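Everything on this sheet refers to the single structure shown next.
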Amino acid sequence: MRAVTESPTLPAACVAPPGVAHPKTIRSFVLRAGRTTTGQAKALQTLGPRYLLPYAPAPLDADAAFGRRAPLVLEIGFGMGEATAHIARLRPDDNFLCCEVHEPGVGALLKRIGEQGIDNIRIVQHDAVEVLSHMLSEASLDGVHIFFPDPWHKKRHHKRRLIQPPFVALLASRLKPGGYVHCATDWQPYAEQMLAVLSAEPRLLNSNTDPVRAGYAPRPDYRPLTKFEQRGLRLGHGVWDLVFVRRHG
């Protein structure tokens with residue numbers, strides 16, 4: 001999903017460390033214009049009651065929400081849900097909690113859930129930063145996926161990027177020891193910032209130590225190539241994956 005924007009206050013869990021020029025919090029989205037199709041609206045109406053979880057500033061009982069106990073992976077910003085559905089089908093033994101505020105995207109993923117018979121996805125149509133801060137307890141996540149967040153190309157907008165030290169500190173606190181965070185971007189300057197910020201978080205360890213790859217990971221098999229990504233690769237554009245793991249102890 002492309003987009004993040006500023007919010008006027010910073011939650012206590014996301015307070016920036018001294019010296020970090022990040023005085024405000026960020027949201028994991030900006031609202032985008034877009035029309036919900038008839039099929040998406042029908043999916044929202046018929047499947048929403050089962051697969052949509054209401055936001056509440058209280059810890060989520062994931063076992064109850066999914067009807068089973070399984071590793072829990074959070075996805076932040078799934079766009080139209082194509083990759084999300086693919087990964088959920090490929091990894092049926094994992095539960096996927098997915099945050100997206102864009103209604104057509106939520107409807108599109110619900111439609112895929114119905115058409116493909118997927119039962120290991122639940123959706124919270126709310127800002128992922130607040131979900132992390134208030135619905136997810138410390139050491140509750142086995143993984144986090146953040147694929148192609150808005151790179152905010154202009155220098156004056158870099159402060160709006162999602163991957164910032166306070167947010168990564170929050171992510172690290174929600175990961176179990178051995179849990180992972182997987183980011184992907186097609187914008188090299190943002191990849192470089194991601195690598196620097198993730199590397200600076202003391203609770204995270206880069207899973208890739210191959211000096212040839214300079215800290216970037218090969219694309220994990222579970223992440224599919226999107227049509228947008230395939231087109232970019234044909235044009236010679238790069239894509240960078242980063243996989244960091246929560247340290248033990």
Side-chain angles (χ1 to χ4, degrees), residues 1-3 28-29 32 34 36-37 39-40 42-44 46-48 50-53 62 65-68 70-125 128 131 141-151 162 171 175 179-187 191 194 207-208 216-235 237-245:
M1 180 184 76
R2 301 286 193 194
S28 60
F29 68 95
R32 295 168 288 162
T36 302
T37 67
Q40 292 163 2
K42 182 178 180 181
L44 283 161
T46 59
L47 298 174
R50 178 173 179 181
Y51 295 101
L52 284 177
L53 302 179
F66 285 87
R68 66 174 187 171
L72 182 63
V73 178
L74 174 71
E75 181 170 9
I76 298 175
F78 54 75
M80 301 306 284
E82 181 179 3
T84 305
H86 173 90
I87 295 170
R89 292 184 66 191
L90 196 65
R91 296 168 52 176
D93 294 331
D94 294 334
N95 291 336
F96 292 90
L97 180 66
C98 305
C99 291
E100 175 63 71
V101 298
H102 192 225
E103 186 167 287
V106 173
L109 180 54
L110 286 169
K111 189 169 181 287
R112 295 180 196 277
I113 287 171
E115 291 171 348
Q116 299 175 26
I118 302 169
D119 199 44
N120 59 333
I121 290 175
R122 299 294 183 271
I123 301 168
V124 181
Q125 193 173 348
V131 172
L141 293 174
D142 294 271
V144 178
H145 295 168
I146 306 173
F147 300 150
F148 305 101
D150 196 316
L162 181 62
L171 280 183
L175 284 173
Y180 71 93
V181 54
H182 176 190
C183 300
T185 182
D186 56 357
W187 185 247
M194 287 180 173
S207 69
N208 185 73
Y216 300 104
R219 177 178 60 86
D221 291 341
Y222 59 77
R223 187 179 74 75
L225 288 172
T226 65
K227 292 178 182 178
F228 173 81
E229 186 177 353
Q230 290 172 344
R231 183 170 63 249
L233 290 171
R234 285 196 301 269
L235 295 172
H237 301 164
V239 175
W240 292 265
D241 285 86
L242 302 95
V243 181
F244 279 69
V245 177

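Just so it is clear, the model here is predicted, and its values are computed rather than measured. Hydrogens, waters and symmetry mates play no part in the numbers below; they use all other heavy atoms, side chains included.
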Spacing of Arg122 atom CZ and Leu53 atom CG [to the nearest 0.5 Å]: 7.0 Å

Look up atom CZ in Arg89 and atom CD1 in Ile113, then write down how far apart they are to the nearest 0.5 Å. 12.0 Å

Kindly say whether Thr37 contributes a backbone atom to a donor-acceptor pair with the side chain of Gln40 at under 3.5 angstrom? yes

For a quick test of reading the model, state the closest non-hydrogen atom pair linking Asn120 to Phe66 and the distance between them. O-CE2, 3.6 Å

Under a 4.0 Å threshold between the charged nitrogen and the carboxylate oxygen, would Glu229 count as salt-bridged to Arg234? no

Between Pro149 and Ala184, the two heavy atoms sitting closest are CD-O, 3.5 Å

Hey, does Arg223 have a side-chain heavy atom less than 4.5 Å from the side chain of Phe147? yes

Nearest heavy atoms of Pro71 and Asp93, plus distance in Å: CD-O, 3.5 Å

Give me the atom names and distance for the closest heavy-atom approach of Gly107 to Ala43. O-CB, 3.7 Å

Heavy-atom closest pair, residues Met194 and Cys183: SD-CB, 3.9 Å

Could you pull out the closest heavy-atom pair between Gly81 and Leu109, with the gap in Å? O-CD1, 3.6 Å

Donor + acceptor pair across side chains of Asn95, Arg68 (<3.5 Å): yes

Full working for side chain to side chain contact (heavy atoms under 4.5 Å, CB included) between Leu225 and Leu233: CA-CA 10 Å; Leu225 288 172; Leu233 290 171; 3.9 Å; yes

We want to know whether His182 and Asp241 form a side-chain donor-acceptor pair, criterion being a heavy-atom distance below 3.5 angstrom. yes

When you look at Ile121 and Tyr51, which way does the side chain to side chain contact (heavy atoms under 4.5 Å, CB included) test go after all the steps? CA-CA 7 Å; Ile121 290 175; Tyr51 295 101; 5.6 Å; no

Less than 4.5 Å apart, side chain to side chain, heavy atoms only: is that true for Glu100 and Gln125? no

Looking at side-chain heavy atoms only, is the closest gap between Val243 and Pro220 below 4.5 Å? yes

Cation over ring, Arg91 on Tyr222, under 6.0 Å and within 45°? yes

Result for side-chain contact (heavy atoms from CB on, under 4.5 Å) between Val181 and one of Leu171, Leu141, Ile76 points to Leu171

Would you compute the distance between atom CG of Asn208 and atom CZ of Phe244 and round it to the nearest 0.5 angstrom? 9.0 Å

Rounded at 0.5 Å granularity, tell me how far CG in Asp221 sits from CG in Leu90. 8.5 Å

Does the side chain of Asp142 pick up a donor-acceptor pair with the side chain of Tyr180 at under 3.5 Å? no

Could you check if a side-chain atom of Leu110 sits within less than 4.5 angstrom of a side-chain atom of Ile123, using non-hydrogen atoms only? yes

Could you tell me the separation between the NE2 atom of His145 and the OG1 atom of Thr84, rounded to the nearest 0.5 Å? 9.5 Å

Compute the centroid of each ring, for His102 and then for Phe78, and state whether the two points are separated by less than 6.0 Å. no

Any side-chain heavy atom of Val73 sitting closer than 4.5 Å to one from Leu97? no

Hey, are Asp119 and Arg50 close enough for a salt bridge, meaning a charged N less than 4.0 Å from a carboxylate O? yes

Spacing of Leu235 atom CG and Gln230 atom CD [to the nearest 0.5 Å]: 12.0 Å

